Amino acid sequence: MSKGEDTRKRIVAEAAAIFNQKGYEGASLQALMEATGLEKGGIYRHFTSKETVAAEAFDYAWNAAKQARQHDLDSIPNAVDRLKKWIANFVERRSPVPGGCPLLNAAIDSDDGNPVLRAKARGALKDWRDRLEKTIAQGIEDGEIKRKVDPQKFATLVISSLEGALMMSRLEKNNEALLAVQSYLNQYLENEIRRKR
């Protein structure tokens with residue numbers, strides 16, 4: 001890896017935390033310069049605009065969050081138990097990028113203004129939903145999940161419940177909402193989703 005590539009990666013990693021904590025508007029060039037130790041020209045030598053830095057920083061933060069959420073999923077053969085692990089990972093394994101869920105942050109931050117960041121957030125949401133739907137569909141095919149379950153609806157329920165609980169937990173500065181949603185979703189998975197043999 002060249003020195004320029006290394007510098008670019010370092011800028012993205014440092015910027016990810018700043019954008020994820022402060023949002024696009026709140027992330028000043030000065031904060032980026034302080035975090036990276038570079039001058040304005042040093043940053044813009046690697047990026048054409050603040051928007052470009054923000055887009056790559058979102059990708060970095062989302063990939064880190066996704067890795068945390070998918071930790072050990074492949075080791076679980078049963079779809080229902082894999083979904084439970086996915087939920088547990090969301091509740092228990094925080095993204096290594098400070099500031100909380102990059103998807104939730106970017107969705108709120110880009111709602112009114114930044115179409116590039118909005119597109120990135122929509123892509124991340126689609127990726128997450130698609131992965132959950134695929135797990136559910138595979139579980140139906142394997143006879144582990146009831147045939148009546150709609151993969152898209154259940155994936156939407158999981159994502160919206162977890163993200164809503166995360167927002168509440170952040171506001172209330174405790175994990176009660178996340179733990180309550182985890183408990184509810186686990187019970188729902190056992191009672192309504194898992195096919196009894």
Side-chain angles (χ1 to χ4, degrees), residues 1 4-29 31-38 43 46-47 49-76 82-111 114 116-135 155 158-171 173 175 177-179 181-182 185:
M1 180 183 317
E5 291 170 330
D6 188 47
T7 301
R8 183 181 177 90
K9 285 185 175 188
R10 186 170 57 84
I11 293 169
V12 169
E14 296 292 344
I18 294 168
F19 282 110
N20 202 40
Q21 290 175 305
K22 299 181 182 287
Y24 181 78
E25 294 299 325
S28 68
L29 183 58
L32 293 173
M33 289 168 30
E34 288 172 9
T36 61
L38 298 171
I43 293 172
H46 298 279
F47 297 92
S49 65
K50 178 182 173 183
E51 190 173 73
T52 308
V53 179
E56 289 196 33
F58 173 80
D59 287 342
Y60 178 91
W62 175 246
N63 284 328
K66 188 166 64 170
Q67 286 177 3
R69 292 173 187 178
Q70 294 177 356
H71 181 75
D72 283 344
L73 288 183
D74 293 337
S75 67
I76 302 170
R82 198 172 317 123
L83 290 165
K84 284 182 172 183
K85 178 65 172 167
W86 212 317
I87 293 162
N89 284 346
F90 185 97
V91 172
E92 298 163 10
R93 297 180 70 86
R94 298 289 185 242
S95 170
V97 177
C101 177
L103 176 56
L104 179 63
N105 294 340
I108 293 167
D109 192 35
S110 68
D111 189 40
N114 189 325
V116 171
L117 199 53
R118 183 179 177 84
K120 291 279 186 183
R122 286 179 58 112
L125 175 61
K126 181 181 182 329
D127 177 54
W128 188 12
R129 184 184 287 148
D130 288 350
R131 288 172 184 269
L132 285 173
E133 287 177 22
K134 183 178 176 183
T135 300
V158 170
I159 293 169
S160 57
S161 297
L162 290 172
E163 291 290 0
L166 179 60
M167 180 267 306
M168 290 176 66
S169 290
R170 286 176 63 185
L171 283 173
K173 295 196 182 291
N175 282 347
L178 279 167
L179 294 172
V181 163
Q182 180 181 15
L185 290 174

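None of the values given here were measured: they were computed from a predicted structure.
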Is there a side-chain contact (heavy atoms from CB on, under 4.5 Å) between D109 and N114? Walk through the geometry before answering. CA-CA 8 Å; D109 192 35; N114 189 325; over 6 Å; no
At their closest point, which heavy atom of G100 faces which heavy atom of S95, and how far apart are they? O-CB, 4.4 Å
Is there a side-chain contact between K120 and D59 (heavy atoms, below 4.5 Å)? yes
Do I11 and H46 have side chains that approach each other closer than 4.5 Å (heavy atoms only, starting at C-beta)? yes
Any sub-3.5 Å donor-acceptor pair from N175's side-chain atoms to L178's backbone N or O? no
Rounded at 0.5 Å granularity, tell me how far OG in S110 sits from CZ in R122. 10.0 Å
Output yes when a side-chain donor or acceptor of R82 lies under 3.5 Å from a complementary backbone atom of D74, and no otherwise. no
Would K84 and I87 count as a side-chain contact (heavy atoms from CB on, under 4.5 Å) if you check the C-alpha gap in whole Å, the side-chain angles of each, and the deciding distance to 0.1 Å? CA-CA 5 Å; K84 284 182 172 183; I87 293 162; 5.6 Å; no
pair N105-F19: side-chain heavy atoms closer than 4.5 Å: no
Do the side chains of L185 and S161 get nearer than 4.5 Å, heavy atoms only? yes
Taking side chain to side chain contact (heavy atoms under 4.5 Å, CB included) as the criterion, tell me which of L83, D130, L73 meets it with T135. L83
Nearest heavy-atom pair of A15 and L32: which atoms, and what distance? CB-CD2, 3.6 Å
Are more than 12 heavy atoms from other residues, nucleotides or ligands located less than 6.0 Å from atom OH of Y60? no
Are side-chain heavy atoms of L166 and R170 found at a separation under 4.5 Å? yes
Looking at CD of E14 and OG1 of T36, how far apart are the two atoms once the value is rounded to the nearest 0.5 Å? 7.5 Å
Would you say V91 and L179 make side-chain contact, with heavy atoms under 4.5 Å? yes
Criterion side-chain contact (heavy atoms from CB on, under 4.5 Å) on L103 and E163, from CA distance to verdict: CA-CA 9 Å; L103 176 56; E163 291 290 0; 4.1 Å; yes
Which heavy atom in L117 sits nearest to a heavy atom in A54, and how many Å separate them? CD1-O, 4.2 Å
Using salt bridge (charged side-chain N to carboxylate O under 4.0 Å, His left out), reason through K66 and D127 one step at a time and then give a plain yes or no. CA-CA 10 Å; K66 188 166 64 170; D127 177 54; 3.2 Å; yes
Is the shortest heavy-atom distance from the side chain of V53 to the side chain of V12 under 4.5 Å? no
Parallel, tilted or perpendicular: which fits the ring planes of W62 and W128, with parallel below 30° and perpendicular above 60°? tilted
Note: K85 and H71 closest approach over all heavy atoms is CE-O, 3.5 Å
Working to the nearest 0.5 angstrom, can you tell me the gap between W86 CH2 and R69 CZ? 10.0 Å
Shortest non-hydrogen pair, L132 vs A155, comes out as CB-CB, 3.8 Å
What are the two closest heavy atoms between G99 and Q21, and how far apart are they? CA-CG, 3.6 Å
Test item: F90 and V158 side chains (from C-beta on) under 4.5 Å apart, heavy atoms: no
Decide side-chain contact (heavy atoms from CB on, under 4.5 Å) for K9 and E5; before the verdict, give the C-alpha distance in whole Å, the side-chain angles of both, and the deciding distance to 0.1 Å. CA-CA 6 Å; K9 285 185 175 188; E5 291 170 330; 5.6 Å; no
Measure from the side-chain N and O atoms of N20 to the backbone N and O of A16, and report whether any donor-acceptor pair falls under 3.5 Å. no
